[in-house]
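Just so you know, residue 1 is the first one in the sequence shown, and it goes up from there.
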Amino acid sequence: MKKMRMYAAAAMLVMGLTLSACGGSDDSDKGSKEASAKTESTAKGGYSFTSGSVKVEMGADASKVVKELGEADDYFESESCAFEGLDKVYTYPGFKLNTYPVDDKDYVLSVVFMDDTVETEEGICIGSTKDEVTEAYGEPTEEKGSSMIYEKGETKITFGVKNDEVSTVEISAIVEE
């Protein structure tokens with residue numbers, strides 16, 4: 001069952017990166033400036049994630065976060081189809097950290113939970129019930145299919161729910177491409 005959850009989370013990560021990264025405009029300079037402006041406002045407030053003693057804020061300078069988290073178990077990069085540069089994925093125990101480039105600097109785009117060993121600041125993890133999510137976060141800002149989406153500041157947290165149980169968790173910055 002745990003492997004199935006990991007596969008589902010991995011599939012959600014790939015789908016999320018594809019959908020969020022590849023829907024950008026052709027005006028990359030304009031997108032870069034807008035993303036820079038958004039990044040500054042996203043670094044404070046909104047949803048965040050804590051791993052050990054490291055607080056990961058969406059939109060924060062990724063180099064500082066990666067340095068604090070230490071060496072990743074795995075690393076992947078690919079040409080960004082929304083920004084100029086490379087999108088990067090760092091895999092740590094229980095989660096993946098996704099980044100996006102703006103003006104030769106990387107920023108935290110999202111944290112995707114890979115298993116039930118990590119949890120949100122409010123105590124929700126893969127395997128939590130839909131009722132526990134609602135108790136911790138209230139009514140969702142939006143519901144799409146089997147996803148419960150909550151927005152706070154320039155961030156959002158998305159819970160994929162299957163059979164009334166959380167199957168995926170992604171905390172992400174809201175960026176304009």
Q. Is the Tyr75-Tyr90 ring centre distance short of 6.0 angstrom?
A. yes
Q | Side-chain donor or acceptor of Thr141 paired with backbone N/O of Glu151 under 3.5 Å | A | yes
Q) Nearest heavy-atom pair of Val133 and Met148: which atoms, and what distance? A) CG1-CE, 3.8 Å
Q: Could you tell me whether the side chains of Lys55 and Thr50 share a donor-acceptor contact shorter than 3.5 Å?
A: no
Q: Answer yes or no: are there more than 12 heavy-atom neighbours, outside Lys88 itself, under 6.0 Å from its atom NZ?
A: yes
**Q.** For the student: nearest non-hydrogen atoms of Leu86 and Asp106, plus distance
**A.** O-OD1, 4.1 Å
Q) For atom CG of Asn163, is the number of surrounding heavy atoms from other residues, nucleotides or ligands below 6.0 Å larger than 12? A) no
(Q) If you apply the rule side-chain contact (heavy atoms from CB on, under 4.5 Å), what do you find for Ser51 with Phe95, and how did you get there? (A) CA-CA 9 Å; Ser51 176; Phe95 69 98; 3.6 Å; yes
Q | Passing option when Phe49 is tested against Val118, Thr120, Leu97 for side chain to side chain contact (heavy atoms under 4.5 Å, CB included) | A | Val118
Q: Go through the steps to decide whether Thr158 and Thr168 satisfy the test side-chain contact (heavy atoms from CB on, under 4.5 Å), and finish with yes or no.
A: CA-CA 8 Å; Thr158 304; Thr168 62; 5.9 Å; no
Q.
Is a donor from one side chain sitting under 3.5 angstrom from an acceptor on the other, for Thr129 and Asp131?
A. no
**Q.** Val169 side chain near Cys125 side chain, heavy-atom distance below 4.5 Å
**A.** no
**Q.** Heavy-atom closest contact (Asp61 atom, Lys105 atom, distance)
**A.** OD2-CE, 3.1 Å
Q. If you round to the nearest 0.5 Å, how far is CD of Glu84 from CD of Glu79?
A. 8.5 Å
Q | Exam field: side chain Thr155 to backbone Tyr47, donor-acceptor pair closer than 3.5 Å | A | yes
(Q) Do Ile124 and Glu132 make a side-chain contact, defined as non-hydrogen atoms from C-beta onward lying under 4.5 Å apart? (A) yes
(Q) Pair Ile171, Phe113 - check side-chain contact (heavy atoms from CB on, under 4.5 Å), show working. (A) CA-CA 9 Å; Ile171 305 167; Phe113 291 14; 4.2 Å; yes
Q. Under 3.5 Å, is there a donor-acceptor pair between the side chain of Ser146 and the main chain of Lys162?
A. no
Q. If we ignore angles and hydrogens, is there a donor and acceptor under 3.5 Å between the side chains of Asn98 and Ser110?
A. yes
**Q.** Atom pair CG (Asp164) and OG (Ser128), whose distance is rounded to the nearest 0.5 Å
**A.** 12.5 Å
Q. Is the Tyr150 ring parallel, tilted or perpendicular to the Phe159 ring (thresholds 30°, 60°)?
A. perpendicular
Q. In Å, rounded to the nearest 0.5 Å, how long is the span from CD of Glu170 to NZ of Lys96?
A. 12.0 Å
Q) So how far is it from Thr99 OG1 to Tyr107 OH, rounded to the nearest 0.5 Å? A) 11.5 Å
Q: Could you tell me whether the side chains of Asp87 and Ser80 share a donor-acceptor contact shorter than 3.5 Å?
A: yes
Q: Apply side-chain contact (heavy atoms from CB on, under 4.5 Å) to the pair Ile174 and Met58, showing each step before the final yes or no.
A: CA-CA 9 Å; Ile174 299 172; Met58 303 307 110; over 6 Å; no
Q.
Would you say CD of Glu77 has more than 12 non-hydrogen atoms from neighbouring residues, nucleotides or ligands within 6.0 angstrom?
A. yes
